[in-house]
2 protein chains.
Amino acid sequence: MTTADPISGVFAALADPTRRAILARLAEGEATVAQLGAPFPISAQAISKHLNVLERAGLIVRTREAQWRRVRIEPAPLRDVAGWVAQYRRLWEERYDALGGYLERLQKEEP
Amino acid sequence: MTTADPISGVFAALADPTRRAILARLAEGEATVAQLGAPFPISAQAISKHLNVLERAGLIVRTREAQWRRVRIEPAPLRDVAGWVAQYRRLWEERYDALGGYLERLQKEEP
DNA sequence: TGGCTTATCAACCAAACGGTTTATCAACCG
DNA sequence: CGGTTGATAAACCGTTTGGTTGATAAGCCA
């Protein structure tokens with residue numbers, strides 16, 4: 001993900017099961033970094049890096065609170081993802097019956 | 001994206017603007033590799049690699065046809081992505097009015 | 001047949017990724 | 001105060017990624 005465009009960063013952030021699991025946990029409510037890391041067999045530093053990725057993608061917000069950081073999910077980028085993928089909805093909803101099949105065949109013979 | 005789980009591969013495939021543009025083109029109909037590559041200032045080999053990524057993610061199908069390859073979009077994984085992100089829909093639709101605000105406050109004071 | 005076109009394979013390279021270990025910082029607590 | 005806890009930063013390491021160039025395969029056409 002070398003690019004700067006925002007949605008690429010969101011997709012890249014979501015392309016990791018650990019980060020998706022963190023988001024799933026955060027969907028149930030805020031948590032500290034230690035709480036988020038508990039289920040995973042990796043170091044706290046690695047969790048911190050995952051949180052950096054999620055934060056840069058705009059998917060979470062970290063707020064300092066005494067010696068802890070509270071982490072909160074930020075769903076706006078997911079709304080953007082839903083919007084992007086909705087562009088393709090008709091493709092997977094398309095019926096391969098009379099009309100659909102006809103259009104398909106039409107297109108195939110075009111060139 | 002070292003993991004083998006399918007949706008990670010889909011997200012990773014979508015995390016690149018060139019590949020998303022290729023999908024956008026394919027949403028309008030099948031195309032050859034050369035046609036797909038034309039808009040981009042990169043080599044045909046690089047396009048071929050992008051197609052490999054999309055194919056491994058299940059987002060396209062390539063079929064040989066004389067000396068050309070016809071490339072077709074395969075929308076099923078996008079349906080899966082839509083399903084995944086729909087889990088979070090209530091979060092971005094949540095109203096911050098009486099009820100929503102109350103639940104939020106409740107959660108914050110919990111510990 | 002030989003040559004052209006279309007597409008892929010293979011080897012290589014620099015940059016990014018996901019993890020580690022070590023060091024540091026900030027805030028509570030005894 | 002000093003020690004402990006929670007979290008991050010920095011440096012490092014092996015693998016993956018996105019691109020390149022060069023070689024190769026498959027099929028058309030003159």
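The figures that follow rest on heavy atoms only: side chains count, while hydrogens, waters and symmetry mates do not. Treat the numbers as computed from the prediction; the structure is a model and nothing was measured. Numbers restart at 1 for each chain; the letters A, B, ... are given by sequence-line order, proteins then strands.
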| query | Once you round to the nearest 0.5 Å, how far does CG of A/Leu14 lie from CZ of A/Arg20? | reply | 7.5 Å
| request: Provide, to the nearest angstrom, the distance between the CD1 atom belonging to B/Ile22 and the C1' atom belonging to D/dG18. | output: 12 Å
| query | Nearest-Å distance, CD (A/Gln45) to P (D/dT8)? | reply | 10 Å
| remark: Looking only at C/dT20, D/dG6, D/dG19, the nucleotide nearest the A/Ile42 side chain is C/dT20
| Are the side chain of B/Arg62 and the backbone N or O of B/Val71 linked by a donor-acceptor pair below 3.5 Å? | no
| query | Starting at the 5' end of DNA chain C, which residue's closest nucleotide do you reach first, B/Gln35 or A/Gln67? | reply | B/Gln35
| message | Reading DNA chain C from 5' onward, which residue's closest nucleotide shows up sooner: A/Arg19 or A/Ala66? | response | A/Arg19
| field | Spacing between B/His50 atom NE2 and D/dT20 atom P, to the nearest angstrom | value | 9 Å
| field | Qualifying residue for side chain to side chain donor-acceptor pair (under 3.5 Å) with B/His50, from B/Gln45, B/Arg19, B/Glu55 | value | B/Arg19
| field | Integer-rounded Å distance: D/dA7 P and A/Glu55 CD | value | 14 Å
| Closer than 4.0 Å, any side-chain N/O of B/Ser43 to the OP1 or OP2 of D/dG19? | no
| request: Using atom CZ of B/Arg70 as one end and atom P of D/dA26 as the other, report the distance to the nearest whole Å. | output: 21 Å
| query | How are the rings of A/Trp84 and A/Phe11 set relative to one another: parallel (under 30°), tilted (30 to 60°) or perpendicular (over 60°)? | reply | perpendicular
| query | Nearest to the side chain of A/Ala34, which nucleotide is it out of D/dG18, D/dA7, C/dA7? | reply | D/dA7
| said: Once rounded to the nearest 0.5 Å, what's the spacing between atom CD1 of A/Ile42 and atom CD1 of A/Ile47? | reply: 4.0 Å
| note | By nearest-heavy-atom nucleotide on DNA chain D, the more 5' of B/Trp68 and A/Arg69 is A/Arg69
| Between C1' of C/dG18 and CZ of A/Arg56, the distance in whole Å | 12 Å
| remark: Among C/dC9, D/dG6, D/dT8, the one nearest any side-chain atom of B/Asn52 is C/dC9
| remark: Taken to the nearest whole Å, CZ/A/Arg62 to P/D/dA9 is 7 Å
| Atom-to-atom span, CZ of B/Arg64 to C1' of C/dC9 - whole angstrom | 13 Å
| Residue A/Thr32, side-chain atoms from C-beta onward, closest of D/dA7, C/dT20, C/dT8 | D/dA7
